[in-house]
Chemist: 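I have a structure I would like to understand better, so I am pasting it below and will then ask my questions one at a time.
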2 protein chains.
Amino acid sequence: MEQRIEKIKKQLHSQSYKLTPQREATVRVLLEHEEDHLSAEDVYLLVKEKAPEIGLATVYRTLELLSELKIVDKINFGDGVSRYDLRKEGAEHFHHHLVCVECGSVEEIVEDLLTDVESRVEKDWGFQVKDHRLTFHGVCKKCQVETVKSS
Amino acid sequence: MEQRIEKIKKQLHSQSYKLTPQREATVRVLLEHEEDHLSAEDVYLLVKEKAPEIGLATVYRTLELLSELKIVDKINFGDGVSRYDLRKEGAEHFHHHLVCVECGSVEEIVEDLLTDVESRVEKDWGFQVKDHRLTFHGVCKKCQVETVKSS
DNA sequence: TTTTAAATGATAACAATTATAAATAATAGA
DNA sequence: TCTATTATTTATAATTGTTATCATTTAAAA
Ligand SMILES: [Zn+2]
Ligand SMILES: [Zn+2]
Ligand SMILES: [Zn+2]
Ligand SMILES: [Zn+2]
């Protein structure tokens, strides 16, 4: 935890941004909920628990800043809200998601499955890939079992 | 054109929906702008040109309906708007997109590059894939040339 | 310390989307 | 056909997520 905060602090400093108390509180919330996919509002409410004086605008600004520095990725699962997802330690690219259409759960795939696909895209379409967003929609393991049971 | 409208009409009827004049006008706009990625507002303005009496809410409802029937796919490129994209004729899955971070252009990949990846996901993660969303962010062919020129 | 710039908090403004209710059109039954 | 019922649409209000504004605070520089 502390190490990762320290690292993020350095990333901010390298672009001459400061890790203010508000920003640190926000980053801590993101770290403590790394498995989740929090909306700005979610983050705001969680940060408020430890630092009640923080404003919603500051949370939005912080998340925007962290996005620009590629510390978090902004993602949208189709409900009207943006969600903010910490990059995995040392990850070059954004990780992938499995969204269950039955229960709404979101699972993560950290492994980069797209190496081959991306070289094809570069070669055959002449498009220089910098990053990607890949989400699978389907039925999670748990819901598959449920379906079998109830049939 | 007429064939595809006829087909969509049947898809609607099969779920006991009607192809009202407003819905037809909306579908026509989508067909005429198949290469584009129109927002609800975009569609509304274009439909209004031929059927000025249509209301924005109707366009939203129609797009929602077409989404449910998998006639169009709703996609979000990270600006705050949903965009609506007709499924390619006979396509099983949603096609992919190449978004240029320089010029904002959006190119399409109709070929399904994910067959292997999806079978891995099914096998190794036990997730039953129904559909996907894949977008690459990077530099398009044209902007790569620009960069070379100006350097 | 004084000056300057950066960051914050409260709140207003904005834009996209959804909900509501009255009007219209289509459909089915008598 | 007329009537009743249902589906659909229009106009508009309400809601929601996000961004902009501005006065205030904090931190850094001179
Ligand atoms: Zn994630
Ligand atoms: Zn599930
Ligand atoms: Zn497309
Ligand atoms: Zn480009």
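Source: prediction; values computed, not measured. FYI, side chains are in, hydrogens and waters are out, and symmetry mates aren't considered; it's all heavy atoms of this structure.
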Chemist: D:dT18 P sits how many Å from A:Glu41 CD, rounded?
Modeler: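 Answer to the nearest Å: 9 Å.
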Chemist: Rounded to whole Å, please give me the gap between NZ in B:Lys48 and P in D:dT9.
Modeler: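 Result: 15 Å.
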Chemist: Using a cut-off of less than 4.0 Å, is there contact between a side-chain N or O of B:Tyr60 and OP1 or OP2 of C:dT17?
Modeler: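 For C:dT17, OP1/OP2 do have a side-chain N/O of B:Tyr60 under 4.0 Å.
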Chemist: Tell me which of B:Thr58 and A:Arg83 sits closer to the 5' end of DNA chain D, going by the nucleotide each one is nearest to.
Modeler: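 The residue mapped nearer the 5' terminus is B:Thr58.
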Chemist: Separation of A:Ile54 atom CD1 from D:dT26 atom P, in whole Å?
Modeler: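 Checked: the CD1 to P distance equals 14 Å.
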Chemist: Starting from P on D:dA27, measure out to CG on A:Leu12 and report it in whole angstrom.
Modeler: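 My rounded result for the distance is 16 Å.
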Chemist: Could you say whether A:Leu56 or A:Thr62 is positioned toward the 5' end of DNA chain C, judged by the nucleotide with the nearest heavy atom to each?
Modeler: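 On the 5' side of the pair lies A:Thr62.
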Chemist: With a 4.0 Å cutoff (strictly under), does any side-chain N or O of B:Ser82 reach OP1 or OP2 of C:dT17?
Modeler: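 Yes, B:Ser82 has a side-chain N/O under 4.0 Å of OP1/OP2 on C:dT17.
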Chemist: Would you please confirm or rule out a distance under 4.0 Å between OP1 or OP2 of C:dA25 and any side-chain N or O of B:Gln22?
Modeler: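 Answer no for this pair, as no side-chain N or O of B:Gln22 is under 4.0 Å from OP1 or OP2.
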Chemist: Would you mind reading off the distance between B:Lys74 atom NZ and C:dA16 atom C1', rounded to a whole angstrom?
Modeler: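 The distance from NZ of B:Lys74 to C1' of C:dA16 comes to 11 Å, rounded to the nearest Å.
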Chemist: Please determine if a side-chain N or O atom of A:Arg61 lies less than 4.0 Å away from the OP1 or OP2 oxygen of D:dT18.
Modeler: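 Indeed not, no polar side-chain atom of A:Arg61 lies that close.
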Chemist: Just to confirm, is there a sub-4.0 Å distance from OP1 or OP2 of C:dT8 to any side-chain nitrogen or oxygen of A:Thr20?
Modeler: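 For C:dT8, OP1 or OP2 has a side-chain N or O of A:Thr20 closer than 4.0 Å.
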Chemist: Pick the closest DNA chain D nucleotide for A:Lys18 and for B:Glu53 by heavy atoms, then say which residue is nearer the 5' end.
Modeler: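 The 5'-side residue here is B:Glu53.
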Chemist: Looking at C:dT8, C:dG9, D:dA11, which one has an atom nearest to any side-chain atom of B:Ala57?
Modeler: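 Output: D:dA11.
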Chemist: If you assign B:Pro21 and B:Ala40 each to the DNA chain C nucleotide with the nearest heavy atom, which residue ends up on the more 5' nucleotide?
Modeler: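 The answer here is B:Ala40.
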Chemist: For A:His97 together with A:His95, are the ring centres under 6.0 Å from each other?
Modeler: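 Yes, they do, as the ring centres are separated by less than 6.0 Å.
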Chemist: Ring centroid separation for B:His37 and B:Phe77, is it under 6.0 angstrom?
Modeler: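 They qualify: ring centres under 6.0 Å apart.
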Chemist: Taking OH from B:Tyr44 and P from C:dA16, how many angstroms apart are they, rounded to a whole number?
Modeler: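 Distance, rounded to whole Å: 13 Å.
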Chemist: May I ask you to decide if the ring planes of B:His132 and B:His96 are parallel, tilted or perpendicular, using 30° and 60° as cut-offs?
Modeler: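 It falls in the tilted class, 30° to 60°.
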Chemist: Just how far is it from atom OH of A:Tyr44 to atom OG1 of A:Thr58, taken to the nearest 0.5 Å?
Modeler: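 Result: 9.5 Å between the selected atoms.
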Chemist: Rounded to the Å, how far apart are B:Tyr17 OH and D:dA7 P?
Modeler: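 That distance rounds to 10 Å.
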Chemist: Determine whether a donor-acceptor pair (N or O, by modelled atom type, separation under 3.5 Å) exists between the side chain of B:Arg87 and the backbone of B:Glu92.
Modeler: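 Checking the backbone N and O of B:Glu92 against the side chain of B:Arg87, a donor-acceptor pair under 3.5 Å is found.
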Chemist: Please report the distance, rounded to the nearest Å, between CG in A:Leu19 and P in C:dA6.
Modeler: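 Going from A:Leu19 (CG) to C:dA6 (P), I get 18 Å.
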